[in-house]
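Everything numeric in this text was worked out from a predicted model, so none of it was measured.
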2 protein chains.
Amino acid sequence: MPTATSRPRAAARRAPARAGAGAGPAAYSVDAVLFTVVDGDLGVALVRATPGPGGERPRERWTLPFAAGAPDEPLQAAAAAVAEEVLGGPPAWMEQVGAFGDGRRHPAPAPLSVAYVGLVPDGFELPGDEGGAEFHALASLPAVPPRQKAMIDAAAAHVRGRVGQAPVAFRLLPPTFTLSELQVIYELLLGRRLHKASFRRSLQSARIVEPTEVWRSEGRGRPAQLFRHALKRKRPAARGLRFD
Amino acid sequence: MPTATSRPRAAARRAPARAGAGAGPAAYSVDAVLFTVVDGDLGVALVRATPGPGGERPRERWTLPFAAGAPDEPLQAAAAAVAEEVLGGPPAWMEQVGAFGDGRRHPAPAPLSVAYVGLVPDGFELPGDEGGAEFHALASLPAVPPRQKAMIDAAAAHVRGRVGQAPVAFRLLPPTFTLSELQVIYELLLGRRLHKASFRRSLQSARIVEPTEVWRSEGRGRPAQLFRHALKRKRPAARGLRFD
DNA sequence: TCAATAGTGTCTGTTAGACATTATGGA
DNA sequence: TCCATAATGTCTAACAGACACTATTGA
């Protein structure tokens, strides 16, 4: 029987996590889909799966980090704990993706999994301790249990769908960045090229970035001014209606 | 132990549903938030809560329809079964809202609930049998268990957020409708008035409705042409980028 | 006839996207 | 100097919203 105050944080990190917190198999798992930018694409943090009790499986296998759900722990807190276990700190942003409960296979002995998506700034270094978490580009993803594969797909769609509503792009970048870097992130998330001048006009009219005094020169070409994310003010009364 | 082929459909409908399908309390519940239009506002289907074993509770209490989750049943199918139990048929549209697992109270003895939102056309009549489901306008909602109240709020936000991506407005209307009726639905969902001519231009350019040969005269005024929802064709290459 | 609602045509301000030009540093 | 990139000004087509007008019914 778990106490109400101790969080089962040690349950995260590695694959077949402790089942439940005492009695019988866990009712559900909480899985974290942690994205960052890996050479121009989204990348997701995976941990090495421990081989089953039988000891077979010569091939290397990976899973999302997850933990068994504890009945008395809020879902968001559980997901944050799973993420912290992998990252060494909290992700820059986190949101629930949904519940996944078809019959597809999952490393936890639970019929239901709740997925959360988190964002990590580009350039972040995973703590390289024994846990062995690594970022893998979505384009070249290793084999992952099918239920977790569905979570990764849904998480990517979730993040892409929230561009423009949530500061998603900014959480994939360090605190200061050039507008060209920001545009690359937006193009990655939206899946299409954007017009440079138009993109900057949109940013300016929404007052969503503010310039710093710092300029950065990278290789050849004119140096770029660094910007930071500006807190959103009152909403400018959305015009129009787009059917999409 | 439930068999893989029999769905526990009888578990829906009334409040403290059968816990699980045999052994111990259910791991999670599946709840349906069924919306329709009730005098100019969204309305949600509620069922009368059965009083607890103690028999107290003189005040009338309501809950969302729900069922105990069965490990071998896909979530969407479970939610559809719950909805069918209340409506006598499937809802016009259904989508998952998310998992709710903070410590808030829920009529099921489960720490976790998965909410689905469904839409029912305006004018639909609930089968008035002993179950006693009724639509209640969101503006005048009776007391509902707190976790279910959170689900209702999230479901309304979910539907509002998917206007323009999914045929949400059309599922709140009968198969044929006037453009004025459609505009009222959009205004209800978006929470703001729309410009009549501009609204119709948007519909026309998106080819999202098609006219029928039928005109309907309701009381005074010029009769209105009836339209039906047109299946969406190729996406017209979304222009622009709005920060909101 | 008047009131009420449906449906359209025209005008205007805003803006996304195209294009061109200037600015600034590295090679 | 040439080249690559940043930053910005100008033009145009598209479009949201305002306004006005016509059309068609019931009272």
Side-chain angles (χ1 to χ4, degrees), chain A residues 40 163-164 169 173-174 176-187 189-228 230 235-244, chain B residues 40 163-164 169 173-174 176-228 230 234-244:
Chain A
V163 180
L173 285 174
T176 65
F177 45 82
T178 71
L179 295 189
S180 294
E181 289 170 338
L182 184 64
Q183 183 173 347
V184 166
I185 299 290
Y186 269 100
E187 290 175 341
L189 293 172
L190 296 173
R192 63 190 171 99
R193 300 297 308 274
L194 295 176
H195 191 264
K196 183 170 70 164
S198 192
F199 177 70
R200 291 168 185 227
R201 264 187 316 231
S202 289
L203 292 173
Q204 189 164 22
S205 74
R207 287 196 239 278
I208 205 175
V209 293
E210 58 186 25
T212 69
E213 296 306 311
V214 188
W215 295 68
R216 178 200 291 161
S217 178
E218 20 197 350
R220 53 202 170 289
R222 176 175 171 177
Q225 190 171 16
L226 294 186
F227 287 75
R228 72 169 66 90
R235 50 183 52 209
R239 273 182 49 197
L241 174 63
R242 303 284 177 89
F243 298 99
D244 207 49
Chain B
V163 180
L173 286 174
T176 65
F177 45 83
T178 71
L179 295 189
S180 295
E181 290 170 338
L182 185 62
Q183 183 172 347
V184 167
I185 299 291
Y186 269 100
E187 290 175 341
L188 162 62
L189 293 172
L190 295 173
R192 63 192 171 97
R193 301 297 308 276
L194 294 175
H195 190 264
K196 182 171 69 164
S198 192
F199 177 70
R200 289 167 187 230
R201 263 186 316 228
S202 288
L203 292 172
Q204 188 164 23
S205 73
R207 287 195 238 278
I208 205 174
V209 294
E210 58 185 24
T212 70
E213 296 306 310
V214 188
W215 295 67
R216 177 200 292 162
S217 178
E218 20 197 350
R220 55 208 168 289
R222 174 175 172 177
Q225 190 170 16
L226 294 186
F227 288 76
R228 73 169 66 89
K234 78 204 80 170
R235 49 183 53 207
R239 272 183 48 197
L241 174 63
R242 301 286 177 87
F243 299 99
D244 209 47

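- Not a single side-chain contact (heavy atoms from CB on, under 4.5 Å) links B:Gln204 to another residue, sequence neighbours left out.
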Residues 216-224 of chain B, side-chain donor-acceptor partners within the protein, below 3.5 Å, at least two apart:
residue  : atom : partner  : partner atom : Å
B:Arg216 : NH1  : B:Glu181 : OE2          : 2.8

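- Taken to the nearest 0.5 Å, the CZ atom of B:Phe227 stands 9.0 Å off from the OG1 atom of B:Thr178.
- At D:dT8, none of the side-chain N or O atoms of A:Arg200 fall inside 4.0 Å of OP1 or OP2 (strictly under the cut-off).
- Atom P of nucleotide C:dA6 and atom CH2 of B:Trp215 are separated by 11 Å, given to the nearest angstrom.
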- Which letter, B, S or -, goes with each nucleotide of nucleotides 18-27 of chain D from 5' to 3', with contact meaning a protein heavy atom under 4.0 Å? BB---BBBS-
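- Interatomic distance, CD of B:Gln183 versus OG of B:Ser198, reported as 9.5 Å (0.5 Å rounding).
- For A:Pro174, the side-chain contact (heavy atoms from CB on, under 4.5 Å) test picks out no residue, with sequence neighbours left out.
- Rounded to whole Å, atom C1' of C:dT8 lies 16 Å from atom CZ of B:Phe199.
- Regarding contacts with the backbone of C:dA16, a side-chain N or O of A:Ser202 is found under 4.0 angstrom from either OP1 or OP2.
- In this entry the distance linking CG of B:Leu203 with P of D:dA16 reads 11 Å, nearest Å.
- A straight line from CG of A:Leu194 to C1' of C:dA18 spans 15 Å, rounded to a whole angstrom.
- For the residue pair B:Leu182 and B:Ala169, the shortest heavy atom distance occurs at CD1-CB, 4.1 Å.
- Among the protein residues, B:Gln225 comes within range of the sugar-phosphate backbone only, with heavy atoms under 4.0 Å from sugar or phosphate atoms but none that close to a base.
- Distance, A:Arg192 CZ to C:dG17 C1': 11 Å, rounded to whole Å.
- Rounded to whole angstrom, the span from the CZ atom of A:Arg193 across to the P atom of C:dA16 amounts to 18 Å.
- The salt bridge (Lys or Arg N to Asp or Glu O under 4.0 Å) analysis of residues 193-206 of chain A, with sequence neighbours excluded, yields the pairs A:Glu187-A:Arg193.
- Look at CZ on A:Arg216: it is 17 Å from C1' on D:dA4, rounded to the nearest Å.
- Atoms OH (A:Tyr186) and P (C:dA16) sit 13 Å apart, rounded to a whole Å.
- B:Ser205 comes within 4.0 angstrom of no nucleic acid atom, judged by non-hydrogen atoms across all strands.
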